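The figures here come from the full heavy-atom set of this structure, side chains too, leaving out hydrogens, waters and symmetry mates. Order of the sequence lines fixes the chain letters, A, B, ..., with proteins taken first and strands second; residue numbering starts at 1 for each chain. Computed from a predicted model, the values in this text were never measured in an experiment.
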Protein chains: 2
Amino acid sequence: MVSLHQLSLALYSTSRLLIQLLQNTLKEFNLTYPQYVTMTVLWEEDSILVKEIGERLHLDSGTLTPLLKKLEAMNYVKRQRGENDERTVHIELTYPGKSLQSKVQQALLPLEEILNEIPGLELYDLNHSLQNLLESVETLKNSKKE
Amino acid sequence: MVSLHQLSLALYSTSRLLIQLLQNTLKEFNLTYPQYVTMTVLWEEDSILVKEIGERLHLDSGTLTPLLKKLEAMNYVKRQRGENDERTVHIELTYPGKSLQSKVQQALLPLEEILNEIPGLELYDLNHSLQNLLESVETLKNSKKE
DNA sequence: TGCAGTTAAATTGTATAAAACTTAATTTAT
DNA sequence: ATAAATTAAGTTTTATACAATTTAACTGCA
């Protein structure tokens with residue numbers, strides 16, 4: 001029997017510790033974890049709206065706005081208000097922002113390998129379970145809104 | 001194949017969303033999630049040190065000190081400096097702090113049930129994998145310290 | 001058409017949490 | 001007995017999360 005409390009604490013702790021581990025590496029580039037994941041979204045698809053980044057990461061604009069301004073200050077992204085729709089802000093990678101990708105990936109490689117060698121850990125299943133739970137929680141949250 | 005990036009994002013997102021869901025309920029009691037887990041530790045074992053709470057939750061004193069002061073201000077806990085060892089602070093539940101337990105558990109029950117009914121989600125396995133990953137990450141972190 | 005109400009997107013302000021650093025007390029080794 | 005190392009908690013600074021606000025765009029209806 002697994003309680004909500006046990007599960008949430010396991011998620012919370014594991015998430016935080018893994019992120020701390022990643023941040024050890026990321027700090028070479030002056031990136032926090034949320035900043036890094038934001039960059040990964042842009043590396044996958046450049047020039048998207050704040051809202052779209054938020055959807056993919058489940059972060060709201062109140063978190064993203066200051067984060068993106070920070071990335072802009074570091075000259076990794078450019079923020080540009082939409083021409084047709086003045087409410088929106090398009091985020092584009094700068095050249096330094098683009099070339100950061102391979103450097104960061106390179107730096108994370110050792111960790112990547114260690115992770116894959118954890119005995120008895122079925123990463124694929126774990127990832128799958130997390131996605132399943134994530135979707136369920138999302139659905140729950142949305143249903144409560146109405 | 002699961003990348004470090006995928007896994008960490010799944011953990012980060014799921015953790016955050018589940019906690020948001022919990023906080024919907026917890027806010028009735030004016031508790032944030034970290035405050036709530038701290039209380040759960042005390043409900044399991046009353047009168048322990050800040051350091052011990054930190055070990056169980058993987059939180060450091062920088063997070064716990066202000067949090068515990070908040071709980072003290074709400075009259076849920078009492079903080080008392082150790083007599084033998086002046087460096088330590090013992091945390092004890094107050095009567096309101098103790099009686100909060102059943103109320104909070106009651107309020108979380110509906111969520112608890114919903115969670116257990118998510119189809120295809122093997123909570124037991126998920127929890128087990130998370131514990132395994134958590135331990136590995138912990139070991140890794142400690143090995144890097146030296 | 002045009003305007004009132006509604007929805008959408010981002011921002012700002014405030015509170016909370018986390019990381020890095022500091023201070024103080026205790027322990028250990030010599 | 002004392003200096004060095006360790007341990008515990010607290011402080012400071014930065015980042016993130018959340019709520020409330022602002023501005024823009026859309027919708028429907030007179």
| Are A:L22 and A:L108 side-chain neighbours, meaning at least one heavy-atom pair lies under 4.5 Å? | yes
| request: Rounded to the nearest angstrom, tell me the gap between atom CD1 in A:I91 and atom C1' in C:dA10. | output: 10 Å
| remark: Sorted by chain and residue number, the side-chain contact (heavy atoms from CB on, under 4.5 Å) partners of A:E122 (sequence neighbours excluded) come out as A:D125
| Which letters describe nucleotides 9-22 of chain D, given B = protein heavy atom under 4.0 Å from base, S = only from sugar-phosphate, - = neither? | BBB---SSBBB---
| C:dT26 P sits how many Å from B:E83 CD, rounded? | 12 Å
| field | d(CD, B:E55; P, D:dT7) in whole Å | value | 11 Å
| What is the distance from CG of A:D85 to C1' of C:dA10, rounded to the nearest Å? | 11 Å
| task | State, yes or no, whether a side-chain contact exists between A:I19 and B:L11 at a heavy-atom distance under 4.5 Å. | result | no
| query | Under 30°, 30 to 60°, or over 60°: which ring-plane class applies to A:Y33 and A:Y36, parallel, tilted or perpendicular? | reply | tilted
| message | By the side chain to side chain donor-acceptor pair (under 3.5 Å) test, which pairs, at least two apart or in different chains, include something from residues 43-62 of chain A? | response | A:E45-A:R56, A:K51-A:E55, A:H58-A:E138, A:D60-A:T63
| said: Looking at B:E28, I'd like to know if its CD atom is crowded, meaning that more than 12 non-hydrogen atoms belonging to other residues, nucleotides or ligands lie closer than 6.0 Å. | reply: yes
